[in-house]
**Q** 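There's a structure below that I have some questions on.
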Amino acid sequence: MAIWVVTFWKSLGSPKKFNLLELGAGNGEMMKVIIETLKNFPECYLNCNFQIHEKSELLKKKQQLNLKSEKITWIEDVKINNSYPTIFLANEFFDALPIKQFFKKKEVWVERFVHFKEKAEFKEQPADIKKIEQNLNFTISKEQKVIEYSPGSFEYLKNICNLIKKNDGGI
């Protein structure tokens, strides 16, 4: 991953400042290894703002312990406050976001979800898949029988793409 970061940074023209932002860094081990490797490429390392976006306070504490000797900023929002190019890393981040599930039942789309009352149980309700597609601006039902998508992923990707379009970078 670190070698890819160096290569991608060079493909951006080796900017004097850039952000390396890991989404959901777990215990921080991947960022730790990347930082140690980038130290072998001092020009890249010295130009890099290391950042982590983590929602879990427990994991933030683990990351801070694991990365205590490194210069890292933890950010609450991926909408970055500087105009530097940003390279986003996301190992299993999008896999962990909640999904919505829809399936076709006799040519009618139905949403399946978990309902919590005294116990968790699956429930179903009719869904207007065309309206959902209009809101997403994306066709997801074409010749499908089951659909799973993550509204949170769409939101993150929209923000990331806007930042990349504005400031350059990649994911």
Side-chain angles (χ1 to χ4, degrees), residues 1-102 112-114 120 132 135-140 144 146-171:
M1 291 289 292
I3 300 304
W4 177 84
V5 169
V6 172
T7 304
F8 196 81
W9 169 72
K10 286 184 177 190
S11 79
L12 294 172
S14 304
K16 292 296 177 200
K17 283 289 178 198
F18 74 102
N19 304 308
L20 181 64
L21 173 53
E22 184 175 359
L23 304 171
N27 67 4
E29 190 61 31
M30 184 170 82
M31 182 64 89
K32 186 176 185 175
V33 171
I34 288 172
I35 289 171
E36 286 304 311
T37 305
L38 289 183
K39 287 177 181 176
N40 295 308
F41 302 88
E43 186 183 1
C44 182
Y45 173 78
L46 293 171
N47 292 330
C48 186
N49 295 318
F50 296 98
Q51 300 176 328
I52 293 176
H53 171 66
E54 180 63 64
K55 295 280 188 177
S56 166
E57 289 301 321
L58 175 70
L59 288 176
K60 271 187 208 176
K61 288 176 184 169
K62 286 183 179 183
Q63 294 159 9
Q64 289 165 345
L65 282 173
N66 198 15
L67 298 161
K68 61 183 171 259
S69 65
E70 306 301 342
K71 55 172 189 134
I72 298 174
T73 304
W74 276 262
I75 63 170
E76 294 297 316
D77 194 341
V78 297
K79 296 175 188 170
I80 296 168
N81 289 340
N82 61 49
S83 60
Y84 306 141
T86 301
I87 299 173
F88 293 88
L89 303 176
N91 182 32
E92 298 182 357
F93 175 79
F94 290 101
D95 298 337
L97 294 176
I99 63 156
K100 288 187 165 278
Q101 183 185 64
F102 303 90
R112 179 181 290 152
F113 57 95
V114 177
I132 292 166
N135 290 338
L136 291 173
N137 196 26
F138 189 74
T139 302
I140 56 177
Q144 303 293 323
V146 177
I147 298 169
E148 293 180 346
Y149 87 94
S150 168
S153 291
F154 273 81
E155 191 63 28
Y156 270 104
L157 288 170
K158 181 176 78 176
N159 291 328
I160 289 168
C161 289
N162 287 338
L163 277 167
I164 291 170
K165 186 177 178 181
K166 180 180 171 191
N167 300 331
D168 211 356
I171 184 167

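For the numbers below, each heavy atom of this structure counts, side chains included, while hydrogens, waters and symmetry mates do not. Numbering starts at 1 and runs along the sequence shown.
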**Q** Nearest 0.5 Å please: distance from the CE atom of Met30 over to the CD atom of Glu22.
**A**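 Separation between the atoms: 3.5 Å.
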**Q** Ignoring hydrogens and angles, tell me if any N or O in the side chain of Trp9 forms a donor-acceptor pair with the backbone of Cys44 under 3.5 Å.
**A** no
**Q** Using 0.5 Å steps for rounding, measure from the CD1 atom of Ile87 to the CG atom of Asn49.
**A**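 Ile87 CD1 to Asn49 CG: 11.5 Å, rounded to 0.5 Å.
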**Q** For Ala25 and Ile52, work out which heavy atoms get closest and say how close.
**A**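 Scanning both residues completely, I find the closest heavy atoms to be CB-CG2, 3.7 Å.
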**Q** Short question: side chain of His53, backbone of Ile75 - any donor-acceptor pair under 3.5 Å?
**A**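 Looks like yes, one N/O pair under 3.5 Å.
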**Q** Between Val146 and Phe102, is the side-chain contact (heavy atoms from CB on, under 4.5 Å) condition met? List the steps.
**A** CA-CA 6 Å; Val146 177; Phe102 303 90; over 6 Å; no
**Q** For the NZ atom on Lys17, are there more than 12 heavy atoms of other groups (residues, nucleotides or ligands in this structure) within a distance under 6.0 Å?
**A** yes
**Q** Flag yes if more than 12 heavy atoms outside Asn137 fall under 6.0 Å of its CG atom; otherwise flag no.
**A** no
**Q** At what distance, to the nearest 0.5 angstrom, does CD of Glu57 lie from CD of Gln64?
**A**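 Interatomic distance, Glu57 CD to Gln64 CD, rounded to 0.5 Å: 8.0 Å.
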**Q** State whether the side chain of Asn159 and the backbone N or O of Lys79 hold a donor-acceptor pair below 3.5 Å, judged by distance alone.
**A** no
**Q** How close do Gly152 and Leu97 get, counting heavy atoms only, and between which atoms?
**A** C-CD1, 4.0 Å
**Q** Which heavy atom of Leu20 sits nearest to which heavy atom of Cys48, and what is that distance?
**A**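 Distance-wise, the nearest heavy atoms are CB-SG, 3.4 Å.
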**Q** Just do the side-chain contact (heavy atoms from CB on, under 4.5 Å) check on Lys60 and Trp74 with the steps written out, would you?
**A** CA-CA 8 Å; Lys60 271 187 208 176; Trp74 276 262; 3.9 Å; yes
**Q** Decide yes or no for Leu157 and Phe94: does some side-chain heavy atom of the first lie under 4.5 Å from some side-chain heavy atom of the second?
**A** yes
**Q** Which heavy atom of Gly169 sits nearest a heavy atom of Leu12, and at what distance?
**A**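 Minimum heavy-atom separation between Gly169 and Leu12: N-CD2, 3.9 Å.
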**Q** May I ask you to test the Ile164-Phe88 pair for a side-chain heavy-atom distance under 4.5 Å?
**A** yes
**Q** Enter the distance from Phe8:CZ to Met1:CE here, rounded to the nearest 0.5 Å.
**A**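 CE of Met1 is found 12.0 Å from CZ of Phe8.
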**Q** Please say which of Ile160, Leu21, Thr86 ends up in a side-chain contact (heavy atoms from CB on, under 4.5 Å) with Ile171.
**A**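 The side-chain contact (heavy atoms from CB on, under 4.5 Å) with Ile171 is passed solely by Ile160 among Ile160, Leu21, Thr86.
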**Q** Supply the atom-to-atom distance Lys71 NZ to Phe50 CZ, rounded to the nearest 0.5 angstrom.
**A**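 It comes to 6.0 Å.
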**Q** Measuring from Asn27:CG to Asn66:CG, what's the distance to the nearest 0.5 Å?
**A** 5.5 Å
**Q** Run the salt-bridge test on Arg112 and Glu148 with the 4.0 Å N-O cut-off and return the result as yes or no.
**A** no
**Q** Without swapping roles, check the side chain of Asn47 against the backbone of Glu43 for a donor-acceptor pair under 3.5 Å.
**A** yes
**Q** Apply the test ring-ring contact (aromatic ring centres under 6.0 Å, His included) to residues Tyr149 and Phe138: give CA-CA distance (whole Å), side-chain angles for both, the deciding distance (0.1 Å), then the verdict.
**A** CA-CA 11 Å; Tyr149 87 94; Phe138 189 74; 9.1 Å; no
**Q** I need the minimum non-hydrogen distance between Asn167 and Tyr84, along with the two atoms involved.
**A**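 Minimum heavy-atom separation between Asn167 and Tyr84: CB-O, 3.5 Å.
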**Q** Before giving the answer on side-chain contact (heavy atoms from CB on, under 4.5 Å), spell out for Ile3 and Phe41 the whole-Å C-alpha distance, their side-chain angles and the decisive distance to 0.1 Å.
**A** CA-CA 9 Å; Ile3 300 304; Phe41 302 88; 3.7 Å; yes
**Q** Does Lys158 offer a backbone N or O that forms a donor-acceptor pair with the side chain of Asn162 under 3.5 Å?
**A**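 Looks like yes, one N/O pair under 3.5 Å.
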**Q** Are the side chains of Asn19 and Asn82 in contact, using a 4.5 Å heavy-atom criterion?
**A**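 Yes, side chains in contact.
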**Q** Check whether Ser150 reaches the backbone of Pro98 with its side chain - one donor and one acceptor, N or O, closer than 3.5 Å.
**A** yes
**Q** For a side-chain contact (heavy atoms from CB on, under 4.5 Å) check, start with the C-alpha distance between Thr37 and Val5, then their side-chain angles and the critical distance, and finish with the verdict.
**A** CA-CA 10 Å; Thr37 305; Val5 169; over 6 Å; no
**Q** Is the backbone of Gly26 close enough, under 3.5 Å, to the side chain of Gln63 for a donor and an acceptor to pair up by distance?
**A** yes
